J.: 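Sharing a structure here in C-alpha cells format.
So you know, we letter chains A, B, ... as the sequences are listed, proteins then strands, and number each from 1. For the numbers below, each heavy atom of this structure counts, side chains included, while hydrogens, waters and symmetry mates do not. None of these values were measured; they are calculated from a predicted model.
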Number of protein chains: 2
Amino acid sequence: MDTVDRKILELLQADASLSIAEIAASVGLSQTPCWKRIQRLEGQGVIERRVALLNPEKLGLGLTVFVSIETNDHSEAWLARFAELVAAMPEVIELYRMAGDVDYMLRVIVPDMASYDAFYKRLIAAIPLKNVSSRFAMERVKSTTALPLDAVTA
Amino acid sequence: MDTVDRKILELLQADASLSIAEIAASVGLSQTPCWKRIQRLEGQGVIERRVALLNPEKLGLGLTVFVSIETNDHSEAWLARFAELVAAMPEVIELYRMAGDVDYMLRVIVPDMASYDAFYKRLIAAIPLKNVSSRFAMERVKSTTALPLDAVTA
DNA sequence: TTTGAAATCGTGCTTAC
DNA sequence: GTAAGCACGATTTCAAA
C-alpha cells in the first residue's frame with residue numbers, strides 16, 4: 001500500500017466508472033500494472049464493492065432520522081437478535097454499537113414522518129428497548145462515501 | 001418509474017459492476033430497453049454516481065464518531081461558512097442540519113482517538129460553537145448505501 | 001521481477017427491424 | 001420491443017527493461 005495505491009483508491013472512491021486507461025494516466029502508470037494493483041486491492045478486500053448511489057430526494061425518501069437506543073439487556077444473544085432484526089429492516093441504513101450512555105445508534109431513511117412512525121412502532125414492538133430517542137434531520141449539508149485516505153499510513 | 005425501474009435500481013445499489021446483459025435477464029427485458037432505462041435514470045439524476053466502497057478497518061480507519069453540535073449563531077452566513085469548512089475536512093463523512101435541541105450532527109471517521117482529538121481541536125478552533133458532544137462507536141453492526149426502495153411510490 | 005505494447009475477447013452502445 | 005453490428009475497454013499474453 002503506497003502512494004500510487006492510495007491515489008487509485010481516491011479516484012475509485014470518487015468515480016468507479018473510470019476506465020483503467022484513465023486511472024493509469026492519472027497515476028502515471030501504464031494499463032497493466034495499474035490493472036494488477038486494482039485486482040490486488042479487490043482481492044485483499046480493501047475495495048469491498050462497487051455500487052450505484054441514488055438520490056434520496058428524487059425517490060421521495062426525504063426524511064433521515066438518527067435514533068439513539070438504550071437497552072437493559074447487554075447480552076450477546078440480545079445483540080444477535082437485534083442485529084438480525086435490523087438487518088431485515090431496509091429503512092435502517094446504519095447501526096452502530098456505541099460506547100457511553102447510549103447503547104446503539106441507528107440512521108434511518110424513510111419517505112416522511114408517517115412512515116417513520118410506522119417504522120418506530122414496528123421496531124419497539126419487535127424487541128424490548130429501555131429508551132429510544134429520535135433526532136430528525138432537516139437538511140443534508142454534506143454526505144459522502146469516500147474515506148479519508150490522507151490519514152491512512154497502512 | 002415502475003416496478004422494473006425499481007428492480008434495476010435495487011440491483012445497481014447492490015452491485016454496480018453487473019453487466020447490462022445480467023441486469024436485463026434479471027428484470028426480464030432485453031438489453032436495449034434495459035440500457036435505455038438505466039440511461040434515463042442517470043439522466044434524471046436518480047442514479048447519482050457509481051463509486052467503490054472501501055473497507056475502513058483494512059485501511060486503519062477504525063474509529064467512527066457521531067458529533068452533535070449546538071451553535072449560538074443561526075444565520076445563513078454562519079451555516080455557509082460552517083458548510084464550507086466541513087466540506088474541506090475529509091474526516092467528516094456526513095453533516096446534517098437537525099430539528100430540535102441539537103443543531104448539527106456529524107459522522108466522522110478517523111484512525112484512532114489521537115486523530116480524533118486532533119480533528120476536534122481543529123474543528124473548535126476554526127469556528128465558534130456553543131456545545132460539542134461526541135459519541136464513539138465500538139462496532140459497526142450494519143452499514144449500507146442502499147436506499148429502501150420498497151417504501152418508494154414515486 | 002516488474003513494466004509496457006499488442007492481441008484477444010467480452011461489453012456497452014448504436015442502428016436497423 | 002427484438003436482433004445484429006460496430007467500437008471500445010478490460011483482460012491476457014508476451015517481449016523487454
J.: Counting only heavy atoms and a strict 4.0 angstrom limit, can you tell me which residues of residues 15-37 of chain B come near DNA chain C?
T.: B/Ser19, B/Ile20, B/Ala21, B/Thr32, B/Trp35
J.: To the nearest Å, give me how far apart CD1 (A/Ile8) and P (D/dA10) are.
T.: 13 Å
J.: Among residues two or more places apart or on two chains, list those pairs meeting side-chain hydrogen bond (donor to acceptor under 3.5 Å, both in side chains) that have a residue in residues 9-18 of chain A.
T.: A/Asp15-A/Ser17
J.: Could you give the CZ-to-P distance, from A/Arg40 to D/dT11, as a whole number of Å?
T.: 16 Å
J.: Can you name the residues that form a side chain to side chain donor-acceptor pair (under 3.5 Å) with B/Ser75, not counting sequence neighbours?
T.: B/Asp73
J.: Could you work out, with side chain to side chain donor-acceptor pair (under 3.5 Å) as the rule, every residue matching B/Thr71, not counting sequence neighbours?
T.: none
J.: Could you state the CD-P distance from B/Gln39 to C/dG12, rounded to the nearest angstrom?
T.: 11 Å
J.: What residue pairs, at least two apart or across chains, pass side-chain hydrogen bond (donor to acceptor under 3.5 Å, both in side chains) with a residue in residues 78-89 of chain A?
T.: none
J.: Please identify each residue that fulfils side chain to side chain contact (heavy atoms under 4.5 Å, CB included) with A/Arg135, with sequence neighbours left out.
T.: A/Phe66, B/Ser68, B/Met98, B/Val102, B/Met105, B/Arg135
